[in-house]
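Index from 1, following the sequence. On a predicted model such as this, the values are computed, not experimentally measured, just so you know.
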Amino acid sequence: MESIIVKGGRKLSGEVTVGGAKNSALPLIAATLLAENGRTLLENIPDLRDINTIIRLLAGMGAEITRSEGKLEISTTAIDNCQAPYELVKTMRASILVLGPLLARFGEARVSLPGGCAIGARPINLHIKGLEQMGAEIEVEHGYIIGKAGRLKGADISFDLTTVTGTENLMMAAALADGVTHLRNAAREPEIIDLAVCLRKMGAKIEGDGTHTIIITGVEKLTGCEYQVMPDRIEAGTFMVAAGISDGDIVIKNTPLAALDGVVSKLQEIGLEIEPLTKFSEDQPLAGIPVRIRRRNSTLQALDIKTMPYPGFPTDMQAQVMTLLTLISGTSVISETIFENRFMHVFELQRMGADIEVDGRTAIVRGVEKLSGAPVMASDLRASAGLILAGLAAEGETVMSRVYHLDRGYSGFEKKLKALGANIKRIKE
Ligand code: EPU
């Protein structure tokens, strides 16, 4: 078992580069299943456990995959089995992203049901309902979703609530369907735009990505292409908080600033100075630019935060910003509206001296003067980042166990923090 040890108190400084977006790379890799001919070359692929999982998933289906230094070359021409086994799906819920592409191209899929998750129930009913509306027959047997379809048919699908991977799954399925699909109340996350841009390069006809209505006109065939994954907005946001909590001054070299509106406005209200060092290009809204982050002055402001679908404040930044708020004098109220159980980090932060009260989906954070280092346990990916951030500011030593949660979504996190001056290391026990 590995742990991360942080000794708090160092001000971070210097430059850091964030990796490719996990939540873009996963659907993009799943989308290669749609390309009947040609190889797809994906660049800026982050080195993460979740990426390894989806690669193993596709390799198990018969995809030919070559990986080298941030690049993945995938050919799915020879896929001979349309299964996603429990052993892999249980470690990563995003495995469900193969369901739409498999049904659309092969007319069959056998994908394990993901099951429960530390941050909430996370059902996939909307993925299934949408595929059924497109003509797929879906049954659940022995813990597996068994899907069958002739060629899927375009449909008018209205999501009951906004779902990111649900929108991605149906957008991929619709790309090869017969006729036009409307996805209404679709998610608007930047990762959906990233996927749509890549699908268009593969030959898909998609309009309206980034809005609530996505219109997809199905085509007969898609072909491999070359595509560069956008930088990870949540990793960038996490480093912004690292600069704030350590009273540091850092430059994030490739910040996808336009995709971070909801986070940047809150961090500015808290009192961070977020200064773009080059102009942002309108034609490349997902590209990264260098951005400098530091405190505007010595006093930071408590405030209220409500997690919302994009462009609102992302649930994936809730734990990190909560950590920062624990050290800001005054009362902050955080409402988590996306996942019903995403406050597991609270109990660990309390062990470090934070004053937080949880009432259902609301956390009331009363700022304390200091946190004190303690042994803590990560409960999910973003919680683990929040705990390390707490360790950067805490007095003494914080030892975080269950590091595998962190490795699902942050590549070399402790190495990047160390390069910025943090006293941090990973140990094997
Ligand atoms: N939901 C349903 N039924 C469905 C689908 C979703 O009830 O069929 C509910 C969920 O239970 C949740 C809400 O809808 O309460 C929103 O869930 P969504 O489907 O949007 O989440 P997701 O697609 O499973 C993605 C990210 C998450 C991120 C959420 C919200 C990927 C691979 N995962 O999950 O990322 O928190 O959107 O933005 O894109 C992370 O990176 O740490 C992470 C958890």
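Closest non-hydrogen pair, L371 versus A390, comes out as CD1-CB, 3.9 Å. Contact record, D232 with A21: OD2-CA, 3.4 Å, taken as the closest heavy-atom pair. Contact detail for G147 and L103: the closest heavy-atom pair is C-CD2, 3.5 Å. Looking at every heavy atom in both residues, R233 comes nearest to L260 through O-CD2, 3.3 Å. Shown here for G271 and L300, the closest heavy-atom pair between the two residues is O-CD2, 3.8 Å. Of all heavy-atom pairs between N169 and G100, the closest is OD1-N, 2.8 Å.
In this structure, D209 pairs ionically with R200, as a charged nitrogen and a carboxylate oxygen lie closer than 4.0 Å. R39 and E64 are joined by a salt bridge, as a carboxylate oxygen and a charged side-chain nitrogen come within less than 4.0 angstrom of each other. Salt-bridge formation is not detected for the pair D407/R402: no Lys NZ or Arg NE/NH1/NH2 atom is positioned less than 4.0 Å from an Asp or Glu carboxylate oxygen. A salt bridge is defined here as a Lys NZ or Arg NE, NH1 or NH2 lying under 4.0 Å from an Asp or Glu carboxylate O, and E414 with R426 meets this definition. E235 and K22 are not joined by a salt bridge, as no carboxylate oxygen comes within less than 4.0 angstrom of a charged side-chain nitrogen. In this structure, R67 pairs ionically with D47, as a charged nitrogen and a carboxylate oxygen lie closer than 4.0 Å. Salt bridge status for D160 with K129: present, with a side-chain N to carboxylate O gap under 4.0 Å.
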What verdict does the side chain to side chain contact (heavy atoms under 4.5 Å, CB included) test give for M1 and K428, after you've listed the backbone C-alpha separation in whole Å, the side-chain angles of each residue and the deciding distance to 0.1 Å? CA-CA 6 Å; M1 287 287 268; K428 275 202 167 91; over 6 Å; no

Could you walk me through whether T77 and S75 pass the side-chain hydrogen bond (donor to acceptor under 3.5 Å, both in side chains) check? CA-CA 6 Å; T77 311; S75 164; 3.2 Å; yes

Please test E73 against T66 for side-chain hydrogen bond (donor to acceptor under 3.5 Å, both in side chains), starting from the C-alpha separation and ending with a verdict. CA-CA 5 Å; E73 207 171 317; T66 332; 5.2 Å; no

Decide side chain to side chain contact (heavy atoms under 4.5 Å, CB included) for C198 and C225; before the verdict, give the C-alpha distance in whole Å, the side-chain angles of both, and the deciding distance to 0.1 Å. CA-CA 8 Å; C198 178; C225 71; 3.9 Å; yes

In sequence, state the C-alpha distance, the side-chain angles, and the governing distance for T181 and M134, and then conclude on side chain to side chain contact (heavy atoms under 4.5 Å, CB included). CA-CA 9 Å; T181 298; M134 295 173 81; 3.9 Å; yes

Please report the C-alpha distance between F159 and R184 in whole Å, then the side-chain angles of each, then the deciding distance to 0.1 Å, and finally whether the side chain to side chain contact (heavy atoms under 4.5 Å, CB included) criterion is met. CA-CA 6 Å; F159 290 104; R184 301 184 197 276; over 6 Å; no

Kindly indicate, with the supporting measurements, whether the criterion salt bridge (Lys or Arg N to Asp or Glu O under 4.0 Å) is fulfilled by R294 and E275. CA-CA 9 Å; R294 59 200 190 280; E275 182 194 352; 3.2 Å; yes

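The shortest distance between side-chain heavy atoms of T223 and E36 does not fall below 4.5 Å. Put simply, the side chain of T315 reaches to within 4.5 Å of the side chain of R342, judged on heavy atoms. Within the 4.5 Å cutoff, no side-chain heavy atoms of I193 are placed close to those of L195. Side-chain contact check for N23 versus D316: some heavy-atom pair is nearer than 4.5 Å. Taking 4.5 Å as the limit, some side-chain heavy atom of L420 sits within range of a side-chain heavy atom of F239. Residues M352 and V376 form a side-chain contact, since some pair of their non-hydrogen atoms from C-beta on lies under 4.5 Å apart. Put simply, the side chain of I270 reaches to within 4.5 Å of the side chain of L325, judged on heavy atoms. With contacts defined as side-chain heavy-atom distances shorter than 4.5 Å, the pair Q83/V111 does not qualify.
Note: S95 OG to L113 CG = 12.0 Å, rounded to the nearest 0.5 Å. The CD1 atom of I124 sits 9.0 Å away from atom OG1 of T165, with the distance rounded to the nearest 0.5 Å. In this structure, the separation between NZ on K201 and CG on L222 is 14.0 Å, given to the nearest 0.5 Å. Taken to the nearest 0.5 Å, the CD1 atom of I245 stands 6.0 Å off from the CG atom of L389. In this structure, OG1 on T76 lies 7.5 Å from CG on L58, to the nearest 0.5 angstrom. To the nearest 0.5 angstrom, L102 atom CG is 11.0 Å from I145 atom CD1.
Judged purely by atom type and a 3.5 angstrom limit, S3 has no side-chain atom pairing as donor or acceptor with the backbone of S401. Side-chain atoms of K266 do not come within 3.5 Å of backbone N or O of F313 as any donor-acceptor pair. Checked by atom type and distance alone, the side chain of E348 pairs as donor or acceptor with a backbone atom of M377 at under 3.5 Å. With hydrogens and angles disregarded, no donor-acceptor distance shorter than 3.5 Å links the side chain of R296 to the backbone of E273. The backbone N or O of D249 lies less than 3.5 Å from no partner atom in the side chain of R292, so there is not a single donor-acceptor pair. With hydrogens and angles ignored, the 3.5 Å screen pairs a side-chain donor or acceptor of Y144 with a backbone N or O of Y86. Between the side chain of R351 and the backbone N or O of P375 there is at least one donor-acceptor pair closer than 3.5 Å. When atom types are taken as modelled, the side chain of D247 and the backbone of K11 share no donor-acceptor pair closer than 3.5 angstrom. The main-chain N or O of T213 is found under 3.5 Å from a side-chain atom of T211 such that the two form a donor-acceptor pair. The backbone N or O of K7 sits nowhere less than 3.5 Å from a side-chain atom of N423 that would complete a donor-acceptor pair.
Around the CD atom of E269, the shell of radius 6.0 Å holds more than 12 heavy atoms that belong to other residues, nucleotides or ligands. Counted within 6.0 Å of CZ on R56, heavy atoms from surrounding residues, nucleotides or ligands total 12 or fewer; the atom is thus considered open. Around CG of D359, the count of heavy atoms belonging to other residues, nucleotides or ligands within 6.0 Å does not exceed 12. In K90, the NZ atom is crowded: over 12 heavy atoms of neighbouring residues, nucleotides or ligands sit closer than 6.0 Å. Atom CZ of F347 is surrounded by more than 12 heavy atoms from other residues, nucleotides or ligands within 6.0 Å. Crowding of E43 atom CD: a count of heavy atoms from other residues, nucleotides or ligands under 6.0 Å exceeding 12.
Put simply, the residue from N44, D194, T32 that forms a side chain to side chain donor-acceptor pair (under 3.5 Å) with Y227 is D194. Partner Y410 forms a side chain to side chain donor-acceptor pair (under 3.5 Å) with one of K416, R382, R49, H405 and no other, that one being R382.
A donor-acceptor pair shorter than 3.5 Å can be found between the side chains of E336 and T307.
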